[in-house]
Amino acid sequence: MTLFTCWIVFPLVLAVLSLGCGLGVARLARTPIPQPLLLPLGFATIVVLSSFATLQSSLARFTLPAVLAAAAVGLATSLPRRLPRFDGWAAGVAAATFAVFAAPVVLSGEATFAGYIKLDDTSTFLALIDRSLEHGRSLAGLAPSSYEAALAFNLPFYPLGSLLPLGIGARLVGQDAAWVFQPYLAYLAALLGLVLYHLAGLVLASRPLRALAAVLGAQAALLYGYALWGGIKELAAAPLVALLAALAGSLLQRRRGFSALLPLAVAAAALVGVLSIGAAAWLVPVGAVALAATLRREGGRRLLVLAGLVAALVVPSLAVARLMLGEGVLGSLRNAEELGNLIAPLSVLQSAGVWPVGDFRVRPDDLVATYMLLALVVLAAAAGLAVAVSRRAWEIPLYATSALGAAAVFALLGSPWVEAKAFAIASPAVVFAAAVGAATLLGRGRLVEGAVALALIAAGVGWSNALAFREVNLAPRAQLAELEQIGKRFEGQGPALMTEYQPYGVRHFLRGLDAEGASELRRRPVFLEDGSTLSKGAFADLSAFRADALLPYRTLVLRRSPVERRPPDAFSLVWSGRFYDVWQRHGGAISGTARACAEPSILRPLPATGAISVAVPRSGRYDLWVGGSFRGELETFVDGRRVGSARHQLSHGGQYVQLTQVALEAGRHAVELRRRTSALRPGSGGRPWPLGPLALSPAGRCGGIPS
């Protein structure tokens with residue numbers, strides 16, 4: 001039911017909200033909005049409304065009611081006479097695009113999210129959502145914790161436009177934002193597909209060809225890669241950039257009243273809400289078109305109306321931008337050495353939407369085929385833009401100009417990290433124009449050339465995304481759900497400490513315990529025996545910490561491990577799960593250090609292939625563990641007999657994964673681990689991580705409850 005709620009109910013709820021808000025703006029503007037643009041426009045409206053509501057902490061709690069009211073009014077004033085005629089092809093585009101972006105998670109069978117251990121930004125996004133919907137940008141009343149530290153670093157200046165609709169939808173369906181994070185990204189991609197479907201209709205008469213061009217454009221490889229990396233701002237900005245072009249282009253073609261400028265102003269304000277001051281680069285071409293159209297038809301009066309509308313709607317974003325400049329963040333965004341989590345600056349060729357490799361940060365193995373496909377995409381895109389110009393479909397070249405122009409600006413002035421984001425936002429414009437160019441050949445009767453070109457473009461995009469699908473890093477749902485359970489059960493019983501690097505625990509799920517991570521953002525130093533502290537992402541056994549470093553903490557949330565030691569005597573085990581033990585102080589003073597468990601574990605290095613011989617000292621039940629991370633399925637065999645398996649378990653350094661529990665007789669046993677991969681299972685490909693050592697420990701050692 002969780003999977004159904006997250007992947008079916010949640011996007012439908014967002015679609016209803018977006019439809020209602022889009023209809024409301026159309027009614028206020030007294031102008032017809034093409035059906036495919038209603039949901040993207042409604043999404044932009046939600047961004048603007050929620051940005052205003054969260055600007056003041058006293059108003060933040062009204063964010064959800066305000067959006068619900070706006071959607072209800074829009075639907076009520078438009079039903080049933082004013083609802084647009086249903087376009088099945090447009091709905092098919094949205095569904096197909098959503099399915100493509102959903103596949104890497106849905107086919108895993110779990111409601112989880114992608115990008116785990118590649119980039120921990122998603123944990124910060126979740127923290128921002130948790131706080132902003134109730135308290136806006138205020139930090140008042142927060143106790144010292146990693147959650148508070150992460151918010152203090154980001155909340156004052158970070159643009160919330162891409163995050164707030166996610167939080168609103170999560171609350172309406174009663175799910176934690178972590179479990180609907182990936183469905184939200186897929187929903188944003190579907191919005192992009194709808195805008196592209198509308199744009200394709202300006203030059204393509206065939207609805208199936210429009211749909212094909214839209215679906216291909218929406219899944220440009222770099223944008224798809226960012227979706228599997230948690231790129232929420234990139235996925236939110238992409239449909240808004242296309243929407244701006246679709247709305248602005250119409251200013252050149254028909255005369256409307258001043259109120260018709262409202263949809264364009266809302267879309268512009270939403271983009272600023274998502275990208276903050278960086279949106280300026282994307283808005284320049286659109287602004288030039290609006291300037292030319294208004295001056296030609298209405299003189300400066302209409303231009304002042306548009307400028308006034310945009311200025312009024314971007315008040316929250318301008319306030320945040322002022323703080324960003326004051327914090328000196330802009331300087332880091334222009335730092336040529338700032339790679340973020342990139343390995344090296346991305347190639348400008350990646351903005352063409354084809355890049356057949358599992359991790360977009362590296363170059364493809366088959367460069368010859370890649371360059372041939374890229375050349376085809378660029379030539380077809382040029383042809384598509386030429387056709388659009390010849391047919392006076394100005395929205396398409398405006399979209400391309402806005403997307404590629406902004407990408408060029410950031411390539412020249414921004415850091416490699418920011419440049420990569422701009423390439424991702426721009427990449428759908430190139431693939432879309434290429435698909436339109438190839439589809440035009442079919443419309444002109446050149447069936448072979450058009451079919452071959454479309455097939456090759458689709459093959460390049462599909463090849464790229466299939467490789468990304470196979471290398472996706474899926475978050476361990478069961479482990480994080482256990483942290484969610486701990487956070488609810490022990491809320492208010494903090495402060496708490498985690499000794500592993502687990503940002504999703506301390507920044508989100510355990511926020512009610514005022515949790516801190518020993519190697520995370522924190523307010524209290526957690527000293528090791530040598531007087532130092534752990535660097536970010538590092539791990540140390542509990543015995544490595546000074547006893548007085550544990551003094552401030554009432555609760556310890558410790559990852560179960562065959563090598564972890566017991567806390568000092570002042571702590572008692574109060575809860576145990578498959579992945580975590582919870583220990584709490586019972587009032588005594590902390591003396592001594594962490595203690596060894598009564599039964600030592602058996603540790604053996606893993607050979608590259610084959611079985612390993614393990615001597616079991618006495619008969620009984622044993623937990624079998626392996627250090628490291630693995631994609632796909634890992635099967636466990638003891639004496640040639642399959643005793644269990646685990647799938648797709650990713651962990652930060654120093655952690656163990658419990659594979660199974662097995663009854664063993666005293667004596668020697670052959671233990672073997674075998675990897676199983678499938679091209680149809682997400683996260684089954686890519687270079688495997690090193691595994692080991694193998695560990696056997698008596699079931700439930702250190703007081704844990706046997707699994």
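Nothing here was measured: the structure is a model prediction, and the numbers come from that model.
Under the 3.5 Å distance criterion, with hydrogens and angles disregarded, no donor-acceptor pair is assigned to the side chains of H648 and N473. For the residue pair Q479 and Y580, a side-chain donor N or O sits within less than 3.5 Å of a side-chain acceptor on the partner. With 3.5 Å as the limit, one finds a donor-acceptor pair spanning the side chains of R668 and S613. With no hydrogens or angles considered, a side-chain donor-acceptor pair links Q661 and R621 at under 3.5 Å. Checking T112 against W179 by side-chain atom types alone, no donor-acceptor pair falls below 3.5 Å. Between the side chains of Y553 and E516, at least one donor-acceptor pair of N or O atoms lies under 3.5 Å. Using modelled atom types, one finds no donor on one side chain facing an acceptor on the other under 3.5 Å when comparing S146 with E520.
Checked by atom type and distance alone, the side chain of S427 never pairs as donor or acceptor with a backbone atom of L222 at under 3.5 Å. Judged by distance alone, the side chain of T97 and the main-chain N or O of V215 form no donor-acceptor pair under 3.5 Å. Judged by distance alone, with hydrogens and angles left aside, the side-chain atoms of Q175 form no donor-acceptor pair with the main-chain N or O of T5 at under 3.5 Å. In this structure, the side chain of S601 does not engage the main chain of L603 through any donor-acceptor pair within 3.5 Å. Here the side chain of S576 pairs no donor or acceptor atom with the backbone of D581 at under 3.5 angstrom. A donor-acceptor pair is defined here as one N or O able to donate and one able to accept, closer than 3.5 Å; such a pair exists between the side chain of Q182 and the backbone of A114. Checking side-chain atoms of Y501 against main-chain N and O of F539 turns up no donor-acceptor pair under 3.5 Å. Judged by distance alone, with hydrogens and angles left aside, the side-chain atoms of Q350 form a donor-acceptor pair with the main-chain N or O of F360 at under 3.5 Å. A donor-acceptor pair under 3.5 Å links the side-chain atoms of E564 to the main chain of L542, judged by distance alone. At distances below 3.5 Å, not a single donor-acceptor pair connects side-chain atoms of R641 with backbone N or O atoms of F637.
Atom CH2 in W7 sits 14.0 Å away from atom CZ in F4 (nearest 0.5 Å). Distance CD1/I129 to CG/L166: 4.0 Å, rounded to 0.5 Å. Separating the OH atom in Y622 from the NE2 atom in H669 is a distance of 8.5 Å, to the nearest 0.5 Å. Taking CG of L497 as the reference point, atom CZ of R522 lies at 9.5 Å (rounded to 0.5 Å). Going from atom CD1 of I602 over to atom OG of S697 covers 9.0 Å, rounded to the nearest 0.5 Å. Rounded to the nearest 0.5 angstrom, F527 CZ and F545 CZ are separated by 12.0 Å.
Taking the charged nitrogens against the carboxylate oxygens, E484 and K488 do have a contact shorter than 4.0 Å, which makes a salt bridge. Using a cutoff of 4.0 Å between basic side-chain nitrogens and carboxylate oxygens, R546 and E529 are not scored as salt-bridged. A salt bridge does not link R511 to E491: none of the charged side-chain nitrogens sits closer than 4.0 Å to a carboxylate oxygen. Comment: K421 does not engage E419 in a salt bridge, judged by the lack of any side-chain N to carboxylate O separation of less than 4.0 angstrom. Ion pairing between a basic and an acidic side chain is recognised when a charged N comes within 4.0 Å of a carboxylate O; R642 and E633 show such pairing.
Using a 4.5 Å heavy-atom threshold, the side chains of Q502 and L480 count as touching. In this structure, the side chains of P562 and Q658 stay at 4.5 Å or more apart for every pair of heavy atoms. Y656 is not listed as a side-chain neighbour of V626, based on a closest heavy-atom distance of 4.5 Å or more. A heavy-atom distance below 4.5 Å is found between the side chains of I232 and L163. Contact annotation: the side chain of P104 approaches that of L228 to within less than 4.5 Å [non-hydrogen atoms, C-beta and beyond].
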Show the numbers, then the answer: is there a side-chain hydrogen bond (donor to acceptor under 3.5 Å, both in side chains) between S108 and R647?
CA-CA 10 Å; S108 74; R647 181 180 295 280; over 6 Å; no
One pair to check against side chain to side chain contact (heavy atoms under 4.5 Å, CB included): L510 and L483. What are the steps and the verdict?
CA-CA 7 Å; L510 303 183; L483 284 175; 4.2 Å; yes
Given side chain to side chain contact (heavy atoms under 4.5 Å, CB included), test W625 with R560 step by step and report yes or no.
CA-CA 10 Å; W625 311 73; R560 292 194 65 200; 4.0 Å; yes
Before you tell me yes or no, could you show the steps for F113 and Y504 under ring pair (Phe, Tyr, Trp, His ring centres under 6.0 Å), namely the whole-Å CA-CA distance, both residues' side-chain angles and the distance that decides it to 0.1 Å?
CA-CA 12 Å; F113 54 90; Y504 294 93; 5.1 Å; yes
L659 vs L634, side chain to side chain contact (heavy atoms under 4.5 Å, CB included): CA-CA, chis, key distance, verdict
CA-CA 8 Å; L659 298 174; L634 196 64; 4.0 Å; yes
Determine, step by step, whether R631 and W689 satisfy the side chain to side chain contact (heavy atoms under 4.5 Å, CB included) criterion, reporting the C-alpha distance in whole Å, the side-chain angles of both residues, the deciding distance to 0.1 Å, and the verdict.
CA-CA 8 Å; R631 294 192 184 98; W689 288 287; 3.6 Å; yes
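Summarising the local packing, CG of D365 is surrounded by 12 or fewer heavy atoms from other residues, nucleotides or ligands at distances under 6.0 Å. Counting heavy-atom neighbours within 6.0 Å of R676 CZ, excluding the residue itself, gives a total of 12 or less. The environment of CZ in R363 is sparse: at most 12 heavy-atom neighbours from other residues, nucleotides or ligands sit within 6.0 Å.
By the side-chain hydrogen bond (donor to acceptor under 3.5 Å, both in side chains) test, N154 is found to be paired with no residue, residues two or more places apart in sequence or in another chain being considered. Scanning for side-chain hydrogen bond (donor to acceptor under 3.5 Å, both in side chains) contacts around T555 gives Q584, with sequence neighbours left out. Listed by chain and residue number, nothing satisfies the side-chain hydrogen bond (donor to acceptor under 3.5 Å, both in side chains) test with S535 (two or more places apart in sequence, or in another chain). Looking at residues two or more places apart in sequence or on another chain, you find a side chain to side chain contact (heavy atoms under 4.5 Å, CB included) between I612 and R604, P607, V614, V671, L694. With sequence neighbours excluded, the residues forming a side chain to side chain contact (heavy atoms under 4.5 Å, CB included) with A236 are F43, S162, L188, V274, listed by chain and number.
Of all heavy-atom pairs spanning L534 and S519, the tightest one is CB-CB, 3.8 Å. Residues L550 and F571 come closest through the heavy atom pair O-CZ, 4.1 Å. Between L521 and A149, the shortest heavy-atom contact is CB-CB, 4.0 Å.
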Indicate every side-chain donor-acceptor pair of residues 455-468 with a distance under 3.5 Å to a residue at least two apart or in another chain.
from, atom 1, to, atom 2, distance (Å)
S464, OG, W355, N, 2.9
S464, OG, G460, O, 2.8
N465, ND2, Q219, O, 2.9
N465, ND2, Q219, OE1, 3.3

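No option in Y184, Y226, Y224, F469 other than Y224 meets the ring pair (Phe, Tyr, Trp, His ring centres under 6.0 Å) test with F101. Screening D514, D121, D120 for a salt bridge (charged side-chain N to carboxylate O under 4.0 Å, His left out) with R507, the sole residue that qualifies is D120.
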